[in-house]
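Sending over a structure as structure tokens; questions will come in a sec.
Both ligands and their constituent atoms are indexed starting at 1 by order of listing.
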Amino acid sequence: MDERAVLEELKKYRKMDLKYEDGAILGSMCTKPHPITKKISDMFFETNLGDPGLFRGAKKLEDEVINNIGKFLNNPNPFGYIISGGTEANITAMRAINNIAKTKRKNHKTTVIMPETAHFSFEKAREMMDLNLITPPLTKYYTMDLKYINDFIEDRNNKNDISVDGIVGIAGCTELGAIDNIKELSKIAEQNNIFLHVDAAFGGFVIPFLDDKYKLDNYCYEFDFSLNGVKSMTVDPHKMGLAPIPAGGILFRDKSFKKYLDVEAPYLTDIHQATIIGTRSGVGVASTWGVMKLFGEEGYKNLASECMDKTHYLVKEAKKLGFKPVIDPVLNIVALEDDNPEETSLKLRKMGWFISICKCVKALRIIVMPHVEKEHIDKFLGALTEVKKN
Ligand code: 0PR
């Protein structure tokens, strides 16, 4: 095939894909990347951060991006990477917890407390590392029950069996956007010398930029490294950061955690490697750097406000039509109660609407990403009303 034919053929496939701007993608945490990232991708497309000595510019950008993200998460001295996504970031944090636990005790199953609402990437980590996961009950706000955690740890302490190695709190849970009380979890973690990881894959690029007027009384919005117990955090540029996929983020409090991740890589330009993935593109790093410089704090604040305004619009209009949200919107994620979410979402899909559903509660799930406009919301609610009539 000649070049023109190859490209023409590829266009046919690309046409089969849904487009964010058409507004039918309502259940995705990704969105159309910022247009500047097309040019950046072109510039950095062959870079490989798996061998950073060869791509010193890309590596320097990665260090700068981690520092820049660290700044808005109140960490002046972060250590971390821009990697393939939230899944890799969470598995990386679990590797650290597991390896720290192994240095303390042999023949002990690493035990981590996390909510039932945690993303399924933790299930992959559990399976890979044979972790023991403890899931406390949820409060009516869909956050982890702190009393249960305190009692659980105290009980272990009393039995002289200090076996909790990690706690995971979620800042913006996948299904509902709820935020665990990271401030209290941080205290518990500090008092008991337990590693606290915060999964802010989604919330990391929203909560720091959220105007006070959107904040609810029932949630604590402090979630970052200003809380001393927080040791690591997942924060994904390819979600609300507007970077193209793949760009997930893992940040640790400081470089002292690197030794728990390093494996020897003697034939590379850097003789240790801490990331799970070896060969990895610098495109996500450079794109994240670019969008952050272009947008600045003001840009992300505006983006968060726009998405929250549209979220409240969706909730208001949905209520008028008799649909009830599971919780008031904490972030730009809405779950609407539904007696048969699987069936409803399938019917909607047949009409061209792609939402997702919750697992922890019977509900339809809509993520009001930047590409979702009010006109899409109106049309979608019309379709939902029709589906529920039949
Ligand atoms: N942590 C949280 C809190 C998440 O919500 C997600 C993904 C992850 C970790 C894992 O991130 P990666 O998918 O980057 O590895 N949450 C979305 C979800 O499961 C991912 C997604 C994105 C799904 C776009 C569909 C979609 O169209 O809903």
Original post:
Among M369, K239, R365, K124, whose heavy atom sits nearest atom 13 (O) of ligand 1?
Top reply: K239
**OP:** Please list, chain by chain and in numerical order, all residues satisfying ring-ring contact (aromatic ring centres under 6.0 Å, His included) with Y313, sequence neighbours excluded.
**Re:** none
**OP:** Could you find the nearest protein heavy atom to atom 15 (O) of ligand 1 and give me its residue, atom name and distance?
**Re:** T87 OG1, 2.5 Å
Subject >> Lys/Arg-Asp/Glu bridge criterion (N-O < 4.0 Å) met for E373, K310 >> reply: yes
Subject >> Over 12 foreign heavy atoms within 6.0 Å of NZ, K102 >> reply: yes
Subject >> Protein heavy atom at shortest distance from atom 26 (C) of ligand 1 >> reply: S28 OG, 3.6 Å
**OP:** For D236, counting its heavy atoms only, list the atoms of ligand 1 lying under 4.0 Å from any of them.
**Re:** 11 (O), 14 (O)
**OP:** Mind checking whether A201 contacts ligand 1 via backbone (N, CA, C, O), side chain (CB onward), both or neither, at a 4.0 Å heavy-atom cut-off?
**Re:** side chain
Original post:
Angle class for the Y20/H371 ring planes (parallel below 30°, perpendicular above 60°, tilted otherwise)?
Top reply: tilted
**OP:** Apply side chain to side chain contact (heavy atoms under 4.5 Å, CB included) to the pair I333 and M29, showing each step before the final yes or no.
**Re:** CA-CA 9 Å; I333 300 178; M29 282 190 173; 3.9 Å; yes
Subject >> Per-atom contacts of ligand 1 with G85, taking only distances under 4.0 Å to non-hydrogen atoms >> reply: 14 (O), 15 (O)
**OP:** Would you tell me which option among P246, A247, G86 has the nearest heavy-atom contact to atom 12 (P) of ligand 1?
**Re:** G86
**OP:** Would you mind checking which non-hydrogen protein atom is closest to atom 5 (O) of ligand 1, with the distance to 0.1 Å?
**Re:** T174 OG1, 2.8 Å
Original post:
Is the closest heavy-atom distance from T234 to ligand 1 below 4.0 Å?
Top reply: no
Subject >> Taking atom 25 (C) of ligand 1 as the reference point, the nearest protein heavy atom with its distance >> reply: G27 O, 4.2 Å
Subject >> ligand 1 contact by H238, heavy-atom criterion under 4.0 angstrom >> reply: yes
Original post:
Heavy atom under 4.0 Å from ligand 1: found in H119's side chain, backbone, both, or neither?
Top reply: side chain
Original post:
Which distance, rounded to the nearest 0.5 Å, do you find between the SG of C360 and the CD of E116?
Top reply: 6.0 Å
Original post:
Sequence neighbours excluded, which residues qualify as side-chain contact (heavy atoms from CB on, under 4.5 Å) partners of N74?
Top reply: D224, S226
Original post:
How does D199 reach ligand 1, if at all, at less than 4.0 Å between non-hydrogen atoms: by side chain, backbone, both, or neither?
Top reply: side chain
Subject >> Shortest protein heavy-atom distance from atom 22 (C) of ligand 1, along with the residue and atom involved >> reply: M29 N, 3.6 Å
**OP:** Check whether the side chains of T143 and D180 place a donor and an acceptor atom closer than 3.5 Å, and report yes or no.
**Re:** no
Subject >> Carboxylate-amine/guanidinium contact E62 R280, below 4.0 Å >> reply: yes
Original post:
So I245 and C30, side chain to side chain contact (heavy atoms under 4.5 Å, CB included) or not? Walk me through it.
Top reply: CA-CA 8 Å; I245 303 162; C30 296; 4.0 Å; yes
Original post:
Which atoms of ligand 1 are found less than 4.0 Å from any heavy atom of N90?
Top reply: 1 (N), 9 (C)
Subject >> Contact partition for I25 relative to ligand 1, non-hydrogen atoms under 4.0 Å >> reply: neither
